[in-house]
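Working notes for the structure below.
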Amino acid sequence: DLYAAAGQVIVTGPVDGDAVLAGGSVSVGGDVSGDALLAGGSIEVTGVVGDDLRAGGGQVIVNGLVTDQAILAGGTVVLG
């Protein structure tokens with residue numbers, strides 16, 4: 001599992017298990033084998049989420065694959 005909070009959180013490699021991330025900007029380019037719980041001003045997911053994706057922020061962009069449920073909330077939500 002990966003837990004991180006910072007002004008800018010960038011994940012480029014694989015995460016074995018769940019990812020719980022928060023920041024002004026959150027980017028997930030690597031694959032997450034479990035759930036992803038993301039919060040931030042700007043969120044972008046381009047990798048694969050192996051279970052559920054829960055994301056909330058000012059702008060949420062999902063261009064990756066979510067294999068189970070996606071629960072998204074934001075001022076702007078973009079699904080690619």
Side-chain angles (χ1 to χ4, degrees):
D1 295 340
L2 172 65
Y3 301 89
Q8 186 177 37
V9 178
I10 301 170
V11 178
T12 58
V15 175
D16 184 20
D18 299 335
V20 179
L21 310 173
S25 173
V26 177
S27 174
V28 180
D31 296 345
V32 178
S33 67
D35 294 328
L37 174 59
L38 313 175
S42 173
I43 298 168
E44 183 173 17
V45 178
T46 56
V48 175
V49 177
D51 204 349
D52 296 338
L53 169 63
R54 295 175 183 89
Q59 180 176 359
V60 179
I61 300 170
V62 180
N63 285 319
L65 173 67
V66 179
T67 60
D68 206 347
Q69 297 181 6
I71 301 165
L72 311 173
T76 302
V77 175
V78 179
L79 302 174

Side chain to side chain donor-acceptor pair (under 3.5 Å) pairs, two or more places apart, involving residues 28-54: D52-R54

Which pairs with one or both residues in residues 8-29 pass side chain to side chain donor-acceptor pair (under 3.5 Å), sequence neighbours excluded? none

Mind checking who shares a hydrophobic cluster with L72, ILVMFWY linked at side-chain heavy-atom distances under 4.5 Å? L2, V9, V11, V15, L21, V26, V28, V32, L38, I43, V45, V49, L53, V60, V62, V66, V77, L79

